[in-house]
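Quick notes on the structure that follows.
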Number of protein chains: 2
Amino acid sequence: MQKQNFLTKNQQIVLDLVEKSSQPLKAYSILFNVQKKGLKAPLQVYRALDKLVEIGKIHKIESRNAFVACKNSNCVVSNATAFSICESCEKVTEINNSKLSKYLSNFEDNSGMKYNKYNLEFFGLCKKCKNK
Amino acid sequence: MQKQNFLTKNQQIVLDLVEKSSQPLKAYSILFNVQKKGLKAPLQVYRALDKLVEIGKIHKIESRNAFVACKNSNCVVSNATAFSICESCEKVTEINNSKLSKYLSNFEDNSGMKYNKYNLEFFGLCKKCKNK
DNA sequence: TTACACAATGTTATAATATAACAAATTATT
DNA sequence: AATAATTTGTTATATTATAACATTGTGTAA
Ligand SMILES: [Zn+2]
Ligand SMILES: [Zn+2]
Ligand SMILES: [Zn+2]
Ligand SMILES: [Zn+2]
């Protein structure tokens, strides 16, 4: 059997939900929302999430333990991600800035370590929240 | 009563432990290790950790749910942090690179958002693990 | 100096996030 | 059909984190 190059039923169900959402979803909120579709246990959701993250269809917002659909066609895999997060309304946006990604992908320090992946989270107040 | 500008007993106990460790510590591992010093409950540890993060004495490695002492005298508060993480041995190092921090602190995109904080985590293989 | 305010601590319970272990079903290959 | 690998289902449990409230300690001011 070949390694799967398509989405399984559970993965598709979870992805559909995450893509419909304008904001990051928590795993147990996903679970609650897909129970009508037959996914009963946390593990079914986490397995789907793991795979979707691995192939870059979704990303995990580490500081929030939440998941968003990738809005960036470059993200074949989740190995170079950057997000802006509003600390007031929790709105999250994936940053798609080629200068930034180039800068970070080429970043080297004197540790002798070669980085193959990074995740960057910016925090602040979004336009709306700033004007309140 | 003034707002505290020193460390309380519990905060000092937790900080001492985290500073002694060469690697990130998990909250419950900290709890286990400070029980002989009288901190019996998770909340006591989490409260100390929260404060220590707030004042920049320690940082949270978000992707690992673990805490490291700050090795960077600039970090008065934890508002601009960057780490390198070995995905094999889990060694974590705080990156102290003024070019990088300047670049990220000044970063602006077209979202109209002004960022006052960021956290960056690089992943790869450290020197040791690369040569295995 | 004693009442007050408030910060810090202690304690119990519980919420939220995530994985282990194994059984059953499905799908592709021989 | 037999086989092997993958995916799914299921139960239980581990790990991470916070809510709620009682108690104690400490500086402030009448
Ligand atoms: Zn993406
Ligand atoms: Zn906002
Ligand atoms: Zn630091
Ligand atoms: Zn290593």
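Here the structure is a predicted model, which means the values were calculated and not measured. Below, read A as the first sequence line, B as the second, and so on, with proteins coming before strands; counting in each chain starts at 1.
At the heavy-atom level, B:L39 lies nowhere under 4.0 Å from the strands shown.
Listed here is the closest heavy atom pair of B:A27 and B:L49: CB-CD1, 4.1 Å. The minimum heavy-atom distance between B:L104 and A:F122, with the atom names listed, is O-CE2, 3.5 Å. Listed here is the closest heavy atom pair of B:V68 and B:F83: CG2-CE2, 4.1 Å. The shortest non-hydrogen separation linking A:L25 to A:S29 is CD2-OG, 4.1 Å. For A:K117 against A:S78, the heavy-atom pair with the smallest separation is CE-O, 3.9 Å.
A sub-4.0 Å separation between OP1 or OP2 of C:dA7 and a side-chain N or O of B:T8 is absent. Note on B:N65: every side-chain N or O is 4.0 Å or more away from OP1 and OP2 of C:dA18. Note on A:K40: every side-chain N or O is 4.0 Å or more away from OP1 and OP2 of D:dG9. Taking only side-chain nitrogens and oxygens, A:Q44 never comes nearer than 4.0 Å to OP1 or OP2 of D:dT8. The side chain of B:K60 places an N or O atom within less than 4.0 Å of a non-bridging phosphate oxygen (OP1 or OP2) of D:dA17.
DNA chain C is contacted by no residue of residues 18-36 of chain B, taking any non-hydrogen atom closer than 4.0 Å.
Atom CG of B:L7 is separated from atom C1' of C:dA7 by 15 Å (rounded to the nearest Å). Here C:dT17 presents its C1' atom at 9 Å from CZ of A:F67, a figure rounded to the nearest Å. Note: CD1 (B:I13) to P (C:dA8) measures 15 Å, nearest angstrom. In this structure, B:L49 atom CG and D:dT18 atom C1' are separated by 14 Å, rounded to whole Å. The distance from atom CD of A:Q11 to atom P of D:dT6 is 13 Å, rounded to the nearest whole Å. The separation between A:E62 atom CD and C:dA18 atom C1' is 13 Å, rounded to whole Å. Taking atom CZ on A:F6 and atom P on D:dT6, their separation rounds to 12 Å, with Å as the unit.
Here the side chain of A:Y46 is nearest to one of C:dA21, D:dA19, C:dT17, namely C:dT17. You'll find that the side chain of A:K9 is closest to D:dT8, out of C:dG10, D:dT8, C:dT17. Of all nucleotides listed (C:dG10, C:dA18, D:dG9), C:dA18 comes nearest to the side chain of A:P42.
B:K127 is not listed as a side-chain neighbour of A:S111, based on a closest heavy-atom distance of 4.5 Å or more.
Heavy-atom distances to DNA chain C give each of A:D50 and B:A41 a nearest nucleotide, and the one nearer the 5′ end belongs to B:A41. Nearest-nucleotide positions on DNA chain C place A:R64 closer to the 5' end than the other of A:R47 and A:R64.
Ion pairing between B:R64 and B:E121 fails under the 4.0 Å rule for side-chain N and carboxylate O.
The SG atom of B:C126 sits 12.5 Å away from atom CD1 of B:I85, with the distance rounded to the nearest 0.5 Å.
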